[in-house]
Engineer: 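Please find one structure pasted underneath; my questions will follow.
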Amino acid sequence: MQEAIQRAVENVRTGRGGPFGAIVVKDGRVIATGTNLVTSTNDPTAHAEVTAIREACRALGAFQLAGCEIYTSCEPCPMCLGAIYWARPDRVYFAATASDASEAGFDDSFIYEELKHPHRERKIPFEPMMREAGLEPFREWKQKNDRIRY
């Protein structure tokens, strides 16, 4: 955890991004690290956990992190939480809380609130369209005999 926190501190000092760091550990060995690179890469998905997950998956040659643990300097936001669940590590450890992040100006509670609203009543309206055509890729997927499940 100390390494994840130190990476977050260094990230602030170097101006590369926000105050967040993460590492992925497998069998007691660090296999990947990540920091928040949102502003330096103009990528809103470049959160510390996501960058660490991407690096770990490349290092392992796999799209899941079975047998791994993630250490992150702060409780994961909703996007990172989703990425973590898709990556399926064995465990996640975090230092600061979402409330601590909120006090520093990183409040993601509005996302949880938005999910409670109907699609069209969200701050960014979501409009369904072409559902029948959108089902075609799923029909193709179901017919594919060599699909890789995840």
Side-chain angles (χ1 to χ4, degrees), residues 1-130 133-134 137-138 140-141 147-150:
M1 180 60 77
Q2 185 59 47
E3 183 172 346
I5 294 168
Q6 185 56 40
R7 287 184 176 277
V9 170
E10 288 172 16
N11 208 48
V12 172
R13 290 178 181 163
T14 62
R16 293 184 60 201
F20 303 95
I23 63 170
V24 179
V25 174
K26 183 169 179 127
D27 300 325
R29 187 175 60 88
V30 174
I31 61 166
T33 64
T35 57
N36 179 290
L37 301 174
V38 170
T39 57
S40 63
T41 62
N42 294 319
D43 179 354
T45 69
H47 288 202
E49 297 89 339
V50 173
T51 59
I53 288 168
R54 289 174 181 161
E55 184 179 318
C57 288
R58 275 193 296 274
L60 295 173
F63 56 84
Q64 293 183 343
L65 299 178
C68 295
E69 298 172 328
I70 297 175
Y71 293 79
T72 181
S73 63
C74 186
E75 185 176 357
C77 74
M79 178 184 67
C80 293
L81 187 62
I84 287 165
Y85 272 94
W86 282 114
R88 294 180 175 89
D90 290 356
R91 187 173 304 263
V92 176
Y93 300 94
F94 64 91
T97 67
S99 181
D100 298 326
S102 177
E103 289 179 24
F106 297 92
D107 186 8
D108 55 22
S109 63
F110 75 96
I111 296 173
Y112 292 107
E113 290 303 313
E114 282 290 289
L115 293 174
K116 296 175 185 177
H117 297 295
H119 292 127
R120 291 185 177 169
E121 294 177 19
R122 294 178 182 170
K123 286 186 172 70
I124 300 174
F126 282 67
E127 300 284 341
M129 63 184 289
M130 297 182 62
F138 295 122
E140 290 285 331
W141 177 255
R147 68 182 179 261
I148 299 171
R149 296 183 186 272
Y150 60 97

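As a basis for the values below, the full set of heavy atoms in this structure was taken, side chains included, without hydrogen atoms, waters or symmetry mates.
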Engineer: Mind checking what makes side chain to side chain donor-acceptor pair (under 3.5 Å) contact with Lys123, not counting sequence neighbours?
Structural biologist: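 Counting only residues at least two positions away or on another chain, Lys123 forms no side chain to side chain donor-acceptor pair (under 3.5 Å).
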
Engineer: Would you say the side chain of Pro76 lies within less than 4.5 Å of the side chain of Ile84, judging by non-hydrogen atoms?
Structural biologist: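 The answer is yes, as the side chains (C-beta and beyond) meet within the 4.5 Å cut-off.
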
Engineer: For Tyr112, give me all partners under ring-ring contact (aromatic ring centres under 6.0 Å, His included), at least two apart in sequence or on another chain.
Structural biologist: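 Partners of Tyr112 under the ring-ring contact (aromatic ring centres under 6.0 Å, His included) test: none.
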
Engineer: Could you tell me whether the side chain of Thr51 and the main chain of Thr35 form a donor-acceptor pair under 3.5 Å?
Structural biologist: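 Yes; judged by distance alone, with no hydrogens or angles, the pair exists.
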
Engineer: Show me the donor-acceptor pairs within less than 3.5 Å that the side chains of residues 52-66 make with the rest of the protein, sequence neighbours left out.
Structural biologist:
from: Arg54; atom 1: NH2; to: Thr45; atom 2: OG1; distance (Å): 3.2
from: Glu55; atom 1: OE2; to: Thr33; atom 2: N; distance (Å): 3.4

Engineer: Of all residues at least two apart in sequence or in a different chain, which pass the side-chain contact (heavy atoms from CB on, under 4.5 Å) check with Arg147?
Structural biologist: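 side-chain contact (heavy atoms from CB on, under 4.5 Å) check on Arg147 returns Trp141, Lys144, Arg149.
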
Engineer: Does any non-hydrogen side-chain atom of Glu3 lie less than 4.5 Å from one of Val30?
Structural biologist: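 The answer is yes; the side chains approach within 4.5 Å.
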
Engineer: Can you tell me how far apart CG (Asn42) and OG1 (Thr39) are? Round to the nearest 0.5 Å.
Structural biologist: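 The CG atom of Asn42 sits 8.0 Å away from the OG1 atom of Thr39.
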
Engineer: Do Cys74 and Phe106 come within less than 4.5 Å of each other through their side chains, counting heavy atoms only?
Structural biologist: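 They are not in side-chain contact.
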
Engineer: Any donor and acceptor pair, going by atom type alone, linking the side chain of Arg122 with main-chain N or O of His117 inside 3.5 Å?
Structural biologist: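 It does hold such a pair.
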
Engineer: Between Ser40 and Arg16, is there a donor-acceptor pair closer than 3.5 Å when you use the side chain of the first and the backbone of the second?
Structural biologist: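 Between the backbone of Arg16 and the side chain of Ser40 there is a qualifying donor-acceptor contact (under 3.5 Å).
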
Engineer: Using the side-chain contact (heavy atoms from CB on, under 4.5 Å) criterion, which residues pair with Glu140? Sequence neighbours excluded.
Structural biologist: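 For Glu140 the side-chain contact (heavy atoms from CB on, under 4.5 Å) partners, ignoring immediate neighbours, are Glu136.
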
Engineer: To the nearest 0.5 angstrom, please state how far the NZ atom of Lys26 sits from the CG atom of Asp90.
Structural biologist: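 Here the interatomic distance stands at 8.0 Å.
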
Engineer: Kindly write out the residues that satisfy side chain to side chain donor-acceptor pair (under 3.5 Å) with Thr97, not counting sequence neighbours, or none if the list is empty.
Structural biologist: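 Scan of Thr97 (side chain to side chain donor-acceptor pair (under 3.5 Å), adjacent residues dropped) gives Asp100.
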
Engineer: Are any of the side-chain heavy atoms of Phe126 and Arg120 separated by less than 4.5 Å?
Structural biologist: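 Phe126 vs Arg120: side chains apart.
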
Engineer: Hey, does Asp43 have a side-chain heavy atom less than 4.5 Å from the side chain of Val38?
Structural biologist: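 The answer is no; the side chains never approach within 4.5 Å.
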
Engineer: Measure centre to centre between the rings of Phe94 and Tyr71, then say whether the value is under 6.0 Å.
Structural biologist: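 For Phe94 and Tyr71, the ring centres are not under 6.0 Å apart.
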
Engineer: Using every non-hydrogen atom in the two residues, find where Ala83 and Val50 come nearest and quote the distance to one decimal.
Structural biologist: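 Where Ala83 meets Val50 most closely, the heavy atoms are CB-CG2, 4.1 Å.
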
Engineer: Ignoring hydrogens, what is the shortest heavy-atom contact between Thr41 and Ala46? Give both atom names and the distance.
Structural biologist: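 Looks like OG1-CB, 3.8 Å.
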
Engineer: Taking only residues two or more places apart in sequence, or in another chain, which ones meet Ser102 in a side-chain contact (heavy atoms from CB on, under 4.5 Å)?
Structural biologist: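 Asp107.
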
Engineer: Who pairs with Gln6 by side-chain contact (heavy atoms from CB on, under 4.5 Å), at least two apart in sequence or on another chain?
Structural biologist: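 Gln6 satisfies side-chain contact (heavy atoms from CB on, under 4.5 Å) with Gln2, Val9, Glu10, Arg13 once adjacent residues are dropped.
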
Engineer: Run the ring-ring contact (aromatic ring centres under 6.0 Å, His included) test against Tyr85 and tell me which residues pass, sequence neighbours left out.
Structural biologist: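 With neighbours one apart ignored, the set is empty.
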
Engineer: Got a sec, which residues hit side chain to side chain donor-acceptor pair (under 3.5 Å) with Thr72, two or more places apart in sequence or on another chain?
Structural biologist: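 Glu49.
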
Engineer: Rounded at 0.5 Å granularity, tell me how far SG in Cys68 sits from CZ in Arg29.
Structural biologist: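 The distance works out to 9.5 Å.
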
Engineer: Quick one: list whatever passes side chain to side chain donor-acceptor pair (under 3.5 Å) with Asp108, sequence neighbours left out.
Structural biologist: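 Expected list: none.
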
Engineer: Any pair with a residue in residues 30-52 that passes ring pair (Phe, Tyr, Trp, His ring centres under 6.0 Å), sequence neighbours left out, goes on the list, sorted by first then second residue, please.
Structural biologist: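 Non-adjacent pairs meeting ring pair (Phe, Tyr, Trp, His ring centres under 6.0 Å): zero.
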
Engineer: How about Ile70 and Ile23: do any of their side-chain heavy atoms sit closer than 4.5 Å?
Structural biologist: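 Answer no - side chains too far apart.
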
